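So you know, we letter chains A, B, ... as the sequences are listed, proteins then strands, and number each from 1. Values in this document were obtained by computation on a predicted structure and should not be read as measured data.
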Amino acid sequence: MRILQLHCSSMEYTPTKKEIESAEEITPETKNLKEVVVTFIAVEEGDDKTVAKKAIAEIKESMNKIGCKKLLLYPYAHLSSKLASPNSALSVLKEMELLASDLDVSRAPFGWTKTYKLEVKGHPLAETSKVITKDGSSDDTSEAVKSESKIKSYWYIMTPDGNMQEIEKFNFSKHPQLEVLTKYETVKKRSVDEPPPHVRLMKKLAIADYEPASDSGNMRFYPNGRLIKSLIERYVTDNITSYGGLEVETPIMYDSHHPSLESYFNRFPARQYNINSEGKQLILRFAACFGQFLMAHDFQLSYRNLPLKLYEMTRYSFRREQSGELVGLRRLRAFTMPDCHAFCKDMSQAIEEFRKRFDLSRNVLHGLGLNESDYELAIRFTEEFYNENKQLIEETVKKIGKPVLIEMWKEQFFYFVLKWEFNYIDSQGKASALSTDQIDVENGKRYNIEFFDEQNKPQYPIILHNSPSGAIERVIFALLEKAAKDSKEGKKAHLPLWLSPTQVRLIPIKPEFLQFCKNLADKITDSKIRVDVDDRNESIGKRIREAETEWIRYILVIGEKEVNSKDVNVRDRETGELKQISFDDFISEIHEQIKNKPFSHLNSNRFVSIRPQIMV
RNA sequence: GCUUCGAUAGCUCAGCCUGGUAGAGCGUUACCUUGGUAAGGUAAAGGUCGCGGGUCCAAUUCCCGCUCGAAGCUCCA
């Protein structure tokens, strides 16, 4: 069955004469419908009740999306060349009418020649075509997805000396992670049978969890998770603003009728959340691009102002990934992502900026606790770009100091001519992109962002799209997976100290030392260190054990000796050793490790005994 | 979206194959214990066994349907 579905403001049709003998017996009269979804239908050979049922389900789903309750089923033979017989076609149509009886449904007469007038609405979802078959699912893939699978890629490995060879000829024995990435990208085949470790950890550490009352892929963050997330957000923002990014804030939803947006959305698979509000079709953003481009469009720009760097920490960006694609903190439908665009006057300025942002991204990941050994670089570009900028690519690979996966396209298909990303390879052999940058040569024009060059001629800028860390949730995912990897190798799992929800825990041996603990905790807090007190009526052993399982780096047991001493007795989880050092040395040891990182106060009650229990 | 698996106490799960009034550990509460570097003790509270149907004298258990969730696959601009 083939369907053409149109969301119309009005539709009027008049049966004029019988086209075939078996046409329905009716009295011809003009029908006029307002605010209606008109569905042109060609019933094909082999279509039956199952197909009718599927078709109606599809139609209902999309009508629900666009918020329209009125449906007109309109027999339309011209959509197909292998039509069903008139009799079976009519019975399928009648079946569909019946199945849709909970809507305001009507059906145009079968077998008649009709005149019609219709006015189609102008939003992206107003016009869709579908092919529905008995076994296969309906074919509703957007043009962008279809052509994407058609692009031809050539894969290579480039070594730091600039040598580029085909992946089949490369010896991966010293680069197992790169091999995983290469297979992941080129063969797209992998099988895993256990759930990813970070999902268990995100719950156990009371960082984040699924929220059953929301849509899948929209997470809840507990106090620990919110603290970690907020620290990472601030760290990334600080780094981007020192690079020169101007922090802005833009709306999370956009009118799909807007002309610039409409053509941009058409360049992408239709995987966004849609909201109907007061007759507007709103789309939740999937990146900060629109907001920043629309903003830049309204700026009065000269080449002297470029490169102009706009930046936003998008909380949230939304992508309506297929339900089965969602995994813990790795792949979400709502996520926080830094997005920094640089508007450049020409390619040479873009390349200069590209270099800075590549270094920025590496530094940001390094500060977050992820180093070159934790990720693999992939660079993708058009053949033309490569021929003109070989040196840039070779230099970039050299910086990373290890072989890099290269994807080359014969033609430019996307809006960019070059894109790179750092991929975290987890223990299950899955690659997840963290940092990324793109050189965009299309959207300056699409959004009509103009600047005036040295000759006072209007020009469109080249735009770089950089996310120096990737999604913040994904950074947490990578940190947890890395911790799980450590733990598997017999090392102690931990988070970077500056991200630990509790950095120091005090354990009083008896309640009579509680006051001393309070005073000590005040002093430590004054030094901008997160400290809490386990004042529960539990054995020392148990409280130490629990602090260990919470990955708390420093444990101070407070008893008679400590109260009467100027030194502190510190259990360092990293070494597993006990050491007696002065208070000041202890504080500076911590400060040394967390310097140049943002600080937030403890995001829990200081006293463990009065905290709600979030995770067992 | 497809495939598979799952849904029993606040959490993690057992019981189901072989139908007969519901189990553990953790957590919670109370009491005891005041302990010196990875789990101190005793007791109590806590369940419409996801929803709907069917089979049966009897269903948490067997069968069918639904809902929700997860993992994998496809996918990831």
Mind checking what makes side chain to side chain contact (heavy atoms under 4.5 Å, CB included) contact with Ser432(A), not counting sequence neighbours? Arg330(A), Arg474(A), Phe477(A)
Partner residues of Glu574(A) under the side chain to side chain contact (heavy atoms under 4.5 Å, CB included) criterion, sequence neighbours left out: Arg553(A), Asp572(A)
Return the value, rounded to whole Å, for the distance between atom CD of Gln613(A) and atom P of rU28(B). 5 Å
So that I can compare with my own list, what are the stems of RNA chain B, taken as at least three consecutive Watson-Crick or G-U pairs with distances under 3.5 Å? B:1-7 with B:67-73, B:10-13 with B:23-26, B:28-32 with B:40-44, B:50-54 with B:62-66
Could you work out, with side chain to side chain contact (heavy atoms under 4.5 Å, CB included) as the rule, every residue matching Arg315(A), not counting sequence neighbours? Arg226(A), Lys229(A), Glu233(A), Thr336(A)
Is there a residue in residues 478-486 of chain A whose heavy atoms reach under 4.0 Å of RNA chain B, and which residues are they? none
How does each nucleotide of nucleotides 35-42 of chain B score, in 5' to 3' order, for protein heavy atoms under 4.0 Å: base (B), sugar-phosphate only (S), or none (-)? BBBBBS--
Give each protein N/O atom lying under 3.5 Å from an N/O atom of nucleotides 44-47 of chain B, with the pair distance.
none

Please enumerate all residues that pass salt bridge (Lys or Arg N to Asp or Glu O under 4.0 Å) together with Arg200(A), with sequence neighbours excluded. none
Got a sec, which residues hit ring-ring contact (aromatic ring centres under 6.0 Å, His included) with Phe358(A), two or more places apart in sequence or on another chain? Trp420(A), Phe422(A)
Please identify each residue that fulfils salt bridge (Lys or Arg N to Asp or Glu O under 4.0 Å) with Glu577(A), with sequence neighbours left out. none
Tell me, please, which residues at least two apart from Glu384(A) pass salt bridge (Lys or Arg N to Asp or Glu O under 4.0 Å). none
Which residues pass the salt bridge (Lys or Arg N to Asp or Glu O under 4.0 Å) test with Lys485(A), sequence neighbours left out? none
